[in-house]
Amino acid sequence: MNIARLIGVIVGSTVGLIICFVAFRFLNKDGSIKTRYDERQQVARGKSYQFGFCGLCPALFILILLDSADVVIPAEPLVIYFSTFFIGAAALCIHSIFNGAYFGINNMQTKWIVFFVIFGIINGLLSIMSIIDGTMFENGRLAAPFVNVLCCLLLVIAVIAIGIKKLIDDKEDNANEES
Amino acid sequence: MKNLNLKAARAAKDLSQDDLAKLCDVSRQTISAIEKGDYNPTINLCIKICKALDKTLDELFWE
């Protein structure tokens, strides 16, 4: 049992939770840590969670198949767990963004996007530093710092999807105003 | 089916979708979806919209 690593994961997760808590407090209009969604958004988010679950299940099933066939994945278990989580989270995120249900009615969208960009950059920089100092790979396997790459990728996907959705909405609004 | 009555009533009050959304405590996309006919609101939301636009349910949601 690697106590130092366990403590590292617990401390890292706690810091992440605290950052999320503070972010919700300051990036929501009413200072609430709970995001409010209207009735249509709640329905759309239910569908998004369904998509997330449907993304997660095949990924886990593939892992089970690979494990059954004794295929060794060149990555640490932590990276594998996060990769499956990433697939589910990305599916949920993209579906809810394109259904206008990602941001709640008490979210300050622009500030949230800035928050995503900042954290995307931080994760990207940490990833580059890991590649430079050679900690991205350990014994020929992808090591824990690859989680930063996944986080960066998820945030980049979210920001790009938000941008595309905004363009689609603006185009539709213009067409509606003209009609 | 598009809800042109809602769109006309909103325009008559000189409100944007965003303004109406704020009055009804919903997202702008929800108002847009109702106007486009992509979403059927619950009776509670219909009532909120009617109150915000000073219209009756018949005027906005009955053909």
Side-chain angles (χ1 to χ4, degrees), chain A residues 24 27-32 34-51 92-113 116 158-179, chain B:
Chain A
F24 274 104
L27 302 180
N28 281 352
K29 285 171 193 163
D30 49 7
S32 161
K34 195 173 186 298
T35 298
R36 288 188 298 117
Y37 299 97
D38 65 40
E39 54 177 49
R40 184 196 60 83
Q41 289 181 313
Q42 284 174 13
V43 174
R45 284 181 72 81
K47 199 85 179 159
S48 302
Y49 276 101
Q50 206 177 351
F51 269 80
L92 189 156
C93 189
I94 292 169
H95 186 271
S96 60
I97 287 170
F98 282 101
N99 284 281
Y102 190 69
F103 291 112
I105 45 181
N106 61 338
N107 287 159
M108 290 190 272
Q109 289 191 25
T110 313
K111 287 188 178 177
W112 271 106
I113 294 167
F116 290 162
V159 171
I160 290 173
I162 291 165
I164 294 170
K165 173 69 178 156
K166 176 99 177 76
L167 286 175
I168 294 169
D169 280 354
D170 288 349
K171 204 174 170 185
E172 279 183 0
D173 287 349
N174 287 338
N176 275 340
E177 291 304 319
E178 282 166 14
S179 66
Chain B
M1 190 190 285
K2 282 187 178 181
N3 190 333
L4 296 174
N5 293 343
L6 173 57
K7 193 175 175 180
R10 177 176 62 78
K13 279 235 163 194
D14 203 19
L15 291 172
S16 66
Q17 287 183 344
D18 204 34
D19 296 331
L20 180 58
K22 278 174 188 155
L23 287 171
C24 301
D25 202 26
V26 294
S27 64
R28 189 199 60 80
Q29 289 100 326
T30 298
I31 298 296
S32 172
I34 296 168
E35 285 187 359
K36 282 191 283 182
D38 292 341
Y39 175 68
N40 287 323
T42 61
I43 190 71
N44 286 335
L45 180 52
C46 289
I47 291 168
K48 274 186 189 175
I49 293 171
C50 288
K51 282 181 177 170
L53 296 175
D54 294 320
K55 295 280 179 187
T56 63
L57 282 168
D58 275 2
E59 283 171 322
L60 291 186
F61 297 101
W62 197 257
E63 291 161 10

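Chain A is the first sequence line, chain B the second, and so forth, proteins listed ahead of strands; every chain is numbered from 1. On a predicted model such as this, the values are computed, not experimentally measured, just so you know.
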For this session: Mind listing the closest non-hydrogen atom pair of B:T30 and A:D38 along with its distance?
Result: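 That would be OG1-OD2, 2.7 Å.
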Exercise. If we only count heavy atoms from C-beta on, is the A:D169 to B:Q29 side-chain gap below 4.5 Å?
Worked result: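 Touching, per the 4.5 Å side-chain cut-off.
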For this session: Could you check if a side-chain atom of B:L45 sits within less than 4.5 angstrom of a side-chain atom of A:R40, using non-hydrogen atoms only?
Result: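 A side-chain contact is absent here, since even the closest heavy-atom pair is not under 4.5 Å.
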Exercise. Does CG belonging to B:D14 count more than 12 external heavy atoms closer than 6.0 Å?
Worked result: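 Incorrect, the count does not exceed 12.
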Exercise. Is atom NZ of A:K29 surrounded by more than 12 heavy atoms (other residues, nucleotides or ligands) closer than 6.0 Å?
Worked result: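 Buried by this count: over 12 neighbours within 6.0 Å.
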Exercise. B:A21 versus chain A, heavy atoms under 4.5 Å apart: side chain, backbone, both or neither?
Worked result: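 Contact with chain A is absent: no heavy atom of B:A21 under 4.5 Å.
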Exercise. With a 4.5 angstrom heavy-atom cut-off, which part of B:D38 approaches chain A: side chain, backbone, both or neither?
Worked result: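 Interface part for B:D38: neither.
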Exercise. Is there a donor-acceptor pair closer than 3.5 Å between any side-chain N or O of A:Q41 and the backbone N or O of B:S27?
Worked result: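 No: the side chain of A:Q41 does not pair with the backbone of B:S27.
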For this session: Measure the CD-NZ distance between A:E39 and B:K48 for me, rounded to the nearest 0.5 Å.
Result: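 Atom-to-atom, A:E39:CD and B:K48:NZ are 8.0 Å apart.
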